[in-house]
Amino acid sequence: MAEKNAATKTEDAHLENRNDYVNDEPESTPQAVHVIHNPLKRDSSEQVVADAQAFANNHNLGEYADLFGRAALVARDQHNFQNIPGLGSDEVAALLYERDHKWHGPRILWFSVGLCALGAATQGWDQTGSNGANLSFPQEFGISGTGGDEWKVGLVNSIIFLTAGLIGAFITDPLNHYLGRRGEIFLTSACLTATPIASGFAKSWQALFAIRFVMGIGIGAKNATVPIFSAELAPARVRGALTMFWQLWVVAGIFLGFAANCIVKDTGRIAWRLQLGSAFIPAFILMCGIYLTPESPRWLMKHKKYDKAFQSFLKLRAHPIIAARDYYYSYVIYLEEIHVAEGSNYFTRLRDIFTVPRIRRANYGASTAMLAQQMCGINIISFYSSTIFTDVGYTDDQALFASLGYGAVQVIFTIPTLFLIDTVGRRRLCLITFPLMCIFLLAAGLSVLKTSGSQASRVGPVVLFVYLFTICYSLGEGPVAFQYSAEVFPTIQREQGMAFVVFINNFFAGVLGLTFPRMRTVMTTTGAFGFYAGLNLIAWFMVFCFIRETKQLTLEELDQVFSVPTSEYFRHEATVSAPWFIKRYFFFQKHLPKPPSIIATATSYPSHGGKYVDSPKRSEGAAV
């Protein structure tokens with residue numbers, strides 16, 4: 001009982017005085033309107049050390065009590081750790097090396113994130129397998145006509161995304177709860193190993209539809225978990241780049257799927273069966289390798305396995321002082337999340353993503369990122385590029401090779417974003433690339449209208465503008481959508497939040513796949529491209545309103561980023577940031593000083609002139 005009371009007292013020490021750090025005094029100098037505050041700075045250094053040591057002693061980590069005391073001081077002042085007394089020379093050296101070498105980390109970290117990225121390749125490969133199969137399976141099953149046959153082809157293509165969104169995404173929470181992150185990934189990988197193989201043996205379009213129905217459930221559950229798992233393993237300084245391996249391997253899967261399509265194209269009537277069946281390869285590798293990775297330390301923490309969570313962090317960080325720092329800081333913020341979500345269950349946590357202001361704002365941003373990925377029109381290329389290229393004059397073989405080029409472009413131009421996403425930022429990349437995508441997609445649609453001249457003069461401009469559109473997508477929205485969504489929700493509601501936005505992404509991917517064959521006939525390819533070009537402009541405005549920058553912030557600091565009301569955030573961006581940008585870059589008024597950000601870290605503003613953004617509470621009221 002005494003031990004329990006001590007643990008409770010330690011937790012209470014972190015939860016008291018939650019509003020003591022709000023400063024509403026007028027700013028004397030230009031700086032951020034809202035400043036992200038480190039909650040460990042609420043207490044004295046002595047109290048922080050005592051709390052950290054008590055935490056270790058009360059959770060089977062007594063042998064690390066002194067380490068946690070030092071790590072808590074480092075977490076309290078991460079930019080001035082060299083002045084902290086008591087740190088060993090090896091600990092200071094490790095922290096300095098981490099600071100100066102952004103990509104430093106143990107091999108198991110790279111292995112784990114890289115292995116998870118293979119899960120994304122399954123989705124890309126499934127997309128492109130059906131892309132190539134579209135050239136022949138409708139003839140095999142007698143559904144190559146117009147009208148009703150077009151809807152059947154669309155349904156076979158789109159059902160994996162419809163079931164991924166409507167079923168797969170929403171079984172994520174119970175699967176994660178009972179099986180853990182790794183167990184859930186193993187189960188869905190097994191599903192995605194079996195179903196592509198079964199697709200190759202389908203005897204009717206109805207059987208193929210049923211198999212892909214089950215495949216979609218596995219894809220949805222996997223898509224909602226793997227990015228979370230990757231984000232929870234990665235350190236904040238490179239979380240965007242490491243987690244972005246998801247998108248890199250989606251496009252790698254697309255490329256490999258197109259390559260497989262080209263390899264088996266001359267196998268006769270079974271070509272489409274091999275194209276669909278080959279998608280089992282990355283899922284099988286993921287299924288075999290997932291239990292070689294550590295379990296997510298944040299999942300273990302959530303299930304009160306505190307000692308195992310720290311052992312997981314020790315494997316994922318380069319030095320014990322770094323592991324203890326990251327773990328204890330996560331724990332402190334997690335206590336506040338528990339305070340907010342006390343007494344919750346699956347349905348209340350699902351409700352929270354719409355009703356709790358901080359989580360609702362994160363949902364706005366993540367939903368926008370996911371919906372915009374479908375609005376931009378990239379998946380009409382991923383699903384139907386071979387069909388589109390044959391429409392404008394390519395043979396089937398030429399269309400497959402042109403699609404292979406599309407896949408190669410995606411891979412090549414996603415790689416630079418590994419380095420841009422944590423420097424340029426998620427929001428800015430999207431704001432830059434959406435207008436360009438609109439222009440190039442519209443140009444591709446207009447190029448289809450040319451029907452005279454040589455084959456090269458007719459097809460060349462279409463392929464060129466499709467490739468340019470793809471380059472812009474790969475540098476912006478493509479990598480951002482899943483990366484952003486995986487990081488913005490609090491630990492308590494992360495499964496529900498990710499499930500909902502994966503539902504949005506996959507459901508509208510399904511709608512796109514279902515409707516495009518008929519849209520191509522009714523609106524023509526030019527009209528369809530023009531329609532999605534217009535949606536790019538709408539998506540740009542949605543990004544401007546709802547997506548907040550998250551680069552180089554810990555998962556815990558994001559709680560405070562989304563505590564700023566949406567109305568205040570939009571007003572600042574529309575009346576301060578946007579006018580400055582237009583004057584600076586369109587009218588070349590280079591003398592204008594950059595205005596203050598609405599959100600910044602406390603270390604950026606040591607005078608604390610801005611308002612501290614503290615952790616969200618249910619009592620925030622109805623602020624948007």
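The shown structure was predicted, so the numbers you read here are calculated from the model rather than taken from an experiment. One is the number of the first residue; the rest follow in order along the sequence.
- Two rings, from F383 and F516, have their centers 6.0 Å or more apart.
- Taking the side chain as every heavy atom from C-beta outward, I281 and F284 never approach each other to under 4.5 Å.
- Residues R181 and E232 are paired through a salt bridge, judged by an N-O separation under 4.0 Å between the basic side chain and the carboxylate.
- The local environment of CZ in F201 is sparse, with at most 12 non-hydrogen atoms from other residues, nucleotides or ligands closer than 6.0 Å.
- Taking the ring centre of F544 as origin, the terminal cationic atom of R427 falls inside the region bounded by 6.0 Å and 45° from the ring axis.
- In this structure, F258 and Y406 have perpendicular ring planes: the angle between them is above 60°, well past the 30° mark.
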With ring pair (Phe, Tyr, Trp, His ring centres under 6.0 Å) as the criterion, how do F500 and F354 come out once you've worked through the C-alpha distance, each side chain's angles and the decisive distance to 0.1 Å?
CA-CA 10 Å; F500 178 72; F354 303 101; 4.9 Å; yes

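- Q373 and Y473 share a side-chain donor-acceptor pair at under 3.5 Å.
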I would like to know whether S403 and S385 meet side chain to side chain donor-acceptor pair (under 3.5 Å); could you show each step before the answer?
CA-CA 6 Å; S403 296; S385 62; 2.7 Å; yes

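- Using modelled atom types, one finds no donor on one side chain facing an acceptor on the other under 3.5 Å when comparing R212 with T195.
- With hydrogens and angles left out, the side-chain atoms of S367 and N363 include a donor and acceptor closer than 3.5 Å.
- Under the 4.5 Å side-chain criterion, counting only non-hydrogen atoms from C-beta, L208 is in contact with F137.
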